Structures are given as structure tokens and as C-alpha cells.
Participant: 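Below you will find the structure I want to go over with you.
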Amino acid sequence: MAPHIPEFPKALFEELDTEKLRRRFLEALLEFQNVERGSLWIKREDGYQCIEATGGPSEEQLKGFVVPKDKPSIVGWVIENGQMTIAEPGKDKRHFKEAESGLDVKSTLILCYPLVLKNGQVYGAVEIIDTAHGGSRLNLGKEYLELLEEFIAIGSIALGNALAFADQKNETQKLRKIIGGLKGETPLVGRSQAFKAALETARNYSRTDFPVLVTGESGTGKELFAREIHRLSDRKDKPFLVQNVSAIPDALLESELFGYKRGAFTGADRDKVGLFEAADGGTVFLDEIGDMPLSLQARILRVLQEHEIKPLGGATTHTVDVRVLSATNRDLARAIAAGTFREDLFYRLNVLPLHLPPLRERPEDVPELLDFFLTRDAARLCIAPKKLSPEALAALRRRPFPGNVREMENLVRYLLATVSGDVIEAGDIPPASEIGPCQAAPAETAKDAPAAAPDLTAHTWESLEHAYALALLEKYKWNVTKAARAAGVNRSTFDSRLRKLGISKE
């Protein structure tokens, strides 16, 4: 039974949710033609993408499917020519048969109309598909097709407006993320299932007050997820303090965490508040917890069990209200077996485990992350954002990124500092085999000739200093003292320049 004519356009324009609208639009057309399979396509730079499909197993297979622009296809022909067509897939050379590979029931007749905006611009196509023998279910009567064309003309405007609104909304959200990144807020970027699952787990954990142990390879964003847990918790208005356990000598770590009293040791000429006391009411994040000396682990265990601290040289203990989040890229089970990590401390820290997947397990996040870093860091340098050529993007999607998101971030900064043009080409990307992307030379050209040296005069003093500082930090694994020594300046001067350049290990 065909949809009620007066209510059909009205129902579309009243629907504000883009996903629901395109589903309702497609289902109404199929009901009107009394068939069960159909799909909606929009034009992209690299081809034609299916944004909605209905009809059994074809839904999951087709949604998100992209027909390459250089391959013959019915939707491509309709979009490029702006005309409707009727096609028999078995006989029509325009049919892109790979879209139906694996389907038990193939299409026998396809009715395809262009989707046109009010200004006449064609932005997509809709396929109404018959799977009956000989395409016997589609009604191809002239009056019926004319009425159908009117419906599609009305619906395509509603859908086009909704898609434009959704794109604008996504762009606004992206800008908010970028602004947040410039302000130092947590930029968690990703759309893969693995990333979404980790983020959902973090959000669930934020509703509790139990310790969380974040595990994952270096550069996966463990501190960012810890900050997100704190930001969403009831402690969000209280301090979030971080201590990298491996960043300072063991002898100083205890005083950093617990503080000390005047006279506790030579040079202690005043009382010092430790990290746990300073974070009272808030959250303490202990990074690289696997490197904590065994002698200090018992004191951390007491904080977790009794919420008690005692400064060095102090005679009494006092309680603190802190939530402890910790992170490591080490195998703590192996450390426990080796006797370098306490098993009881592990169980206290690992009440709520959160494992972050490496970038190679979520390749669909690579384009979005690249776009974020290119835009954010260009804004920091006050230069126009650079674009990646299709070949460069393809090369980066194949890149292993053993340093994960942090390695990608540093690579983007290197490219912004060394590529003088507006477009980053595949040849501009340093080889993945280099120790660190910031030290790597540009890749050789297709003729195996050495790449031309970058035009340093095209960059500002600050952008070059930014790239140089990052290169040193990467080379010396973010040991500021060693990096400063290599730069020939004292540590305080180097540290001051890092702050002015907006460089921090996050």
C-alpha cells in the first residue's frame, strides 16, 4: 500500500533526526513501490558512499560502502548526469556488482533517481531495488513514476537540508574539540568501536570512587582517559594532580608524594605539602606505576587501604580523601612474578581495569586524528592548516605507528614545520623505519633521488624552534635534562622555552 500522499512530505520535514529521516524517506519509497530493498547514496571526493540501506543482509553490507569514483556504477551515472535511470543489473554494464557480492538474493531491476537540492545541485542518489524474478514487482507506469519523482524531489530537499545541518553540527563539534585542545582540555578523538568501548568504560568508571588501572602501550592516551574519568566524576571541581613515577629519582619520589616536615633531612628548611595532601578531595594520577620502587609500594598501599599519609619526618598520620588512578605500559603480572611489584598493591590498584587499544587496532581513527592534529597545531603556530593528499593519507593509514597517538602528533608537528606548501604529499612523510619521526629526513622521490632540503625560510622562528625542541625530546625519550644538555642550554632555560612553545608530554 502506497503512503498517504498529503502526509508523506509533511512527515519528512517534521523529522529532525538525520538518521531517522533518511530511514523514513527510504522506507516510504519502498512501500510506495512495494519492494523490500533500497539504498541512499551521497557523493564524496573519492566516490559514492551508501549512507542508508534496507532489505535483509544488504543493510549491514552496504551501509558505509563506497563505490570508487573511477569505476562504472549506476549511482555514479545518475549523480554525474542528474537523470533517473532503470537498469537490469545482469545486462547493464554500469552495475557495480561488487556491492552485492556475498548476497544470496541479487537485484533484478533497479530504479535510481538523483537527489537534488533546491538550487539544482545533485548531491546523491536513491536506489529502489526489485529482487523478484524479472523485476516484476516494480511499477514502471508513467503516472506512477511521475508521482514517485515528485515525492523524491520533495524528500531529497528535506534530506539534503538535514545532511547539511548534520555536517555543520559535526564541524562545530570538531572546532570545539580543537579549541579545547588549544586550552589544554582533554581532546579525545576517535570513532572506532574499540575507542568508543574504552571511552564508554571510562565514563562508567567516573560514576564510582574506586581505583582505576589504565593499561596500554606508550602513547595510547592513558593520562587523557584518566583526566576524562576525573572530569566526569563528582570530584571534577577538585584538583587533578599527576605524578610520573619514572620521571624523578626514587629518593625524591617519596617526598613528592607524601611531603616532608622541616628538618626531616638536610636542606628541608620548611614544611612541604605532598601530592596526596594537595589533591585532598580530588584525584591523583600515578603514571608509569610499574616503575615505582618496591620500598615505596607499601606506603601507597596504606593510602589505598586506610587513606592515611605521613610526611617524611612527621610524627603523626592524617587522613586524605583522594581517588587514585594509575597507569602502566608494563606487564605487571611478570613484575609480580619477578618480585619487583607487590601483588597486594596490584589488586588494590586494579579494582577497575581499563585497557586502551593501540592505534593499529583502530585504523578507522587515523584520518580523524590526523585532521585534529593538523588543525590544532596549525592554529597554535598561527599558520593556515595544511591538507593531506589522498596518497599521503593512504600512506599514513598504512603506517604502523608503534608510538601510537603521541607518535602521530609529533609526526604532524614535523610535517607542519618542514612542508612549505599547502598540501602534504606522500614524499614529505619520513620513513616509518626511522627511530623517531621528528628526526627523520624526508623520503626519497620516486626516482630515488635525494629529496630537496626543506625551505626553512618559509617558516617562522617559533615554528622551527618548536620542531627542534620536539626532535630533542623524542630523541632523549622526553628526558628534559638530557635534551637541554644536547641543546647547550641549562635545564631551566629549556623548560621555560617548552612552556612558551606550548609543548608538554600529554
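Note that the structure is a prediction, hence the values are computed from the model and not measured.
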Participant: How far apart are the closest heavy atoms of L472 and A486, and which atoms are they?
Facilitator: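 Between these two residues, the closest heavy atoms are CD2-CB, 4.0 Å.
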
Participant: Donor-acceptor check, side chain of K387 to backbone of I424, threshold 3.5 angstrom: yes or no?
Facilitator: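 No; zero donor-acceptor contacts below 3.5 Å.
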
Participant: With sequence neighbours left out, write down each residue that passes ring pair (Phe, Tyr, Trp, His ring centres under 6.0 Å) with Y123, or none if nothing qualifies.
Facilitator: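 Testing Y123 for ring pair (Phe, Tyr, Trp, His ring centres under 6.0 Å), a comparison that skips the adjacent residues, returns none.
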
Participant: Check L213 against S326 and note the closest heavy-atom contact, atom names and distance.
Facilitator: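 Heavy atoms only, the tightest pair is CD1-OG, 3.3 Å.
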
Participant: Between T317 and I309 (side chain of the first, backbone of the second, donor and acceptor by atom type, cut-off under 3.5 Å), is there such a pair?
Facilitator: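 Flag not set: sc T317 to bb I309 has no pair under 3.5 Å.
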
Participant: Test of understanding: with side-chain hydrogen bond (donor to acceptor under 3.5 Å, both in side chains), list the residues that count as partners of E425, not counting sequence neighbours.
Facilitator: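 E425 satisfies side-chain hydrogen bond (donor to acceptor under 3.5 Å, both in side chains) with S389 only.
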
Participant: From L369 CG over to N404 CG, what is the distance, rounded to the nearest 0.5 angstrom?
Facilitator: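 Going from CG on L369 over to CG on N404, the span is 10.5 Å.
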
Participant: Do F195 and L356 have side chains that approach each other closer than 4.5 Å (heavy atoms only, starting at C-beta)?
Facilitator: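 No, too far: nothing below the 4.5 Å cut-off.
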
Participant: Would you mind reporting whether F372 and P367 have side-chain heavy atoms less than 4.5 Å apart?
Facilitator: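 Not in contact.
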
Participant: With heavy-atom distances below 4.5 Å as the criterion, would you say the side chains of E254 and L312 are in contact?
Facilitator: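 A side-chain contact exists here, since the closest heavy-atom pair is under 4.5 Å.
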
Participant: Anything under 30° is parallel, anything over 60° is perpendicular, the rest tilted; go ahead and classify H230 against F240.
Facilitator: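 Answer is tilted, since the angle falls between 30° and 60°.
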
Participant: Does a side-chain heavy-atom distance below 4.5 Å link W41 with Q49?
Facilitator: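 They are not in contact (no side-chain heavy atoms under 4.5 Å apart), so the answer is no.
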
Participant: What is the distance from atom CD of E306 to atom CG of L301, rounded to the nearest 0.5 Å?
Facilitator: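 Reported to 0.5 Å precision, the distance equals 9.0 Å.
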
Participant: Start with the C-alpha distance between I229 and R323, add both sets of side-chain angles, then the distance that settles side-chain contact (heavy atoms from CB on, under 4.5 Å), and finish with yes or no.
Facilitator: CA-CA 11 Å; I229 292 171; R323 183 182 191 181; 3.6 Å; yes

Participant: For N204 and T201, test the side chains for any donor-to-acceptor distance below 3.5 angstrom and give the result as yes or no.
Facilitator: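 The answer is no; no qualifying pair exists.
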
Participant: side-chain contact (heavy atoms from CB on, under 4.5 Å), that's the test. Do R397 and L393 meet it? Break it down for me.
Facilitator: CA-CA 6 Å; R397 294 185 80 160; L393 178 58; 4.2 Å; yes

Participant: Thinking salt bridges, do D234 and R207 make one under a 4.0 Å N-O criterion?
Facilitator: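 No salt bridge links D234 with R207.
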
Participant: Under the side-chain contact (heavy atoms from CB on, under 4.5 Å) rule, what do T418 and D428 come out as? Steps first, then yes or no, please.
Facilitator: CA-CA 8 Å; T418 58; D428 297 322; over 6 Å; no

Participant: State, yes or no, whether a side-chain contact exists between D422 and P385 at a heavy-atom distance under 4.5 Å.
Facilitator: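 No, too far: nothing below the 4.5 Å cut-off.
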
Participant: Does a side chain donor of either R235 or T283 reach within less than 3.5 Å of an acceptor in the other side chain?
Facilitator: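 On atom types as modelled, these side chains do not qualify, holding no pair under 3.5 Å.
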
Participant: Cation-pi check, R22 to F25: give yes when NZ or CZ is under 6.0 Å from the six-membered ring centre and within 45° of the ring axis, no otherwise.
Facilitator: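 R22 over F25 ring: no.
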
Participant: Nearest 0.5 Å, what's the CD1-CD1 distance between I51 and I42?
Facilitator: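 I51 CD1 to I42 CD1: 4.5 Å, rounded to 0.5 Å.
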
Participant: Under 3.5 Å, is there a donor-acceptor pair between the side chain of R348 and the main chain of I300?
Facilitator: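 No: the side chain of R348 does not pair with the backbone of I300.
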
Participant: If you define the side chain from C-beta out and look only at heavy atoms, does anything of D291 sit under 4.5 Å from E288?
Facilitator: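 Yes, at least one pair of side-chain atoms sits under 4.5 Å.
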
Participant: Over all heavy atoms of both residues, which pair between A392 and I429 is shortest? Give the atoms and the distance, please.
Facilitator: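 In terms of heavy atoms, the two residues are closest at O-CD1, 3.7 Å.
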
Participant: Measure across V320 and E277 and return the closest heavy-atom pair with its distance rounded to 0.1 Å.
Facilitator: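 Smallest heavy-atom distance, with atoms named: CG1-CA, 4.1 Å.
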
Participant: Rounded to the nearest 0.5 Å, what's the gap from CG on L332 to CG on L349? Could you check?
Facilitator: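 Taking CG in L332 and CG in L349, the distance rounds to 8.0 Å.
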
Participant: Roughly how far apart are L345 CG and L304 CG, rounded to 0.5 Å?
Facilitator: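 Answer rounded to 0.5 Å: 6.5 Å.
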
Participant: Under the rule for salt bridge (Lys or Arg N to Asp or Glu O under 4.0 Å), what residues qualify as partners of D287, not counting sequence neighbours?
Facilitator: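 Result, salt bridge (Lys or Arg N to Asp or Glu O under 4.0 Å) vs D287: none returned.
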
Participant: Between the side chain of K63 and the main-chain N/O of C50, is any donor-acceptor distance below 3.5 Å?
Facilitator: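 Side chain of K63 to backbone of C50, a donor-acceptor pair under 3.5 Å: no, none is there.
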
Participant: Less than 4.0 Å between a side-chain N and a carboxylate O, is that true for E368 and R362?
Facilitator: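 A salt bridge is absent here (no side-chain N lies under 4.0 Å from a carboxylate O).
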
Participant: How would you list, by chain and number, every residue that makes a side chain to side chain contact (heavy atoms under 4.5 Å, CB included) with Q243, sequence neighbours excluded?
Facilitator: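 Partners of Q243 by the side chain to side chain contact (heavy atoms under 4.5 Å, CB included) criterion, ordered by chain and then number, come out as I248, L253, E256, L257, L275, L286.
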
Participant: Would D271 and R262 pass as an ion pair if we require N to O under 4.0 Å?
Facilitator: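 Not counted as a salt bridge, because no side-chain N and carboxylate O are separated by less than 4.0 Å.
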
Participant: Determine whether R485 and N490 make a side-chain contact, defined as any pair of heavy atoms from C-beta on separated by less than 4.5 Å.
Facilitator: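 R485 does not reach N490 side chain to side chain.
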
Participant: Check this for me: K482, atom NZ, are more than 12 non-hydrogen atoms of other residues, nucleotides or ligands nearer than 6.0 Å?
Facilitator: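 No - once you tally the heavy atoms of other residues, nucleotides and ligands closer than 6.0 Å, there are 12 at most.
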
Participant: Under a 4.0 Å threshold between the charged nitrogen and the carboxylate oxygen, would E200 count as salt-bridged to K196?
Facilitator: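 No.
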
Participant: Using a 4.5 Å cut-off on heavy atoms from C-beta on, say whether the side chain of V303 contacts that of E308.
Facilitator: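 No, side chains not in contact.
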
Participant: Minimum heavy-atom separation for E364 and Q193, please, with both atom names.
Facilitator: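 Looking at all heavy atoms of both residues, the shortest contact is OE2-N, 4.4 Å.
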
Participant: For Y205 and P353, indicate whether the former's side chain and the latter's backbone hold a donor-acceptor pair under 3.5 Å.
Facilitator: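 Here the side-chain-to-backbone pair exists.
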
Participant: What pairs meet the ring pair (Phe, Tyr, Trp, His ring centres under 6.0 Å) rule with one or both residues in residues 268-327, with sequence neighbours excluded?
Facilitator: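 Sorted result for residues 268-327: F258-F276.
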
Participant: Salt bridge (Lys or Arg N to Asp or Glu O under 4.0 Å) with D280: which residues, sequence neighbours excluded?
Facilitator: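 If we apply the salt bridge (Lys or Arg N to Asp or Glu O under 4.0 Å) test to D280, skipping adjacent residues, there are no hits.
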
Participant: side-chain contact (heavy atoms from CB on, under 4.5 Å) between E407 and R399: does it pass, once the steps are laid out?
Facilitator: CA-CA 11 Å; E407 179 184 342; R399 195 180 182 95; 4.1 Å; yes

Participant: Among R330, K222, R360, which one satisfies salt bridge (Lys or Arg N to Asp or Glu O under 4.0 Å) with E217?
Facilitator: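 Passing option: R360.
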
Participant: For S192 and D365, does a side-chain donor sit closer than 3.5 Å to a side-chain acceptor?
Facilitator: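 Yes - a donor-acceptor pair under 3.5 Å links their side chains.
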
Participant: Any carboxylate oxygen within less than 4.0 angstrom of a Lys/Arg side-chain nitrogen, looking at D344 and R342?
Facilitator: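 A salt bridge links D344 with R342.
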
Participant: Does a side chain donor of either S218 or R406 reach within less than 3.5 Å of an acceptor in the other side chain?
Facilitator: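 Yes.
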
Participant: If I take atom CD1 from residue I336 and atom CD from residue E343, how far apart are they, to the nearest 0.5 angstrom?
Facilitator: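 Spacing of CD1 (I336) from CD (E343) equals 5.5 Å.
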
Participant: Do you know which two heavy atoms are closest between L62 and S39, and how far apart they sit?
Facilitator: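 Taking L62 first and S39 second, the nearest heavy atoms are CD1-CB, 4.4 Å.
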
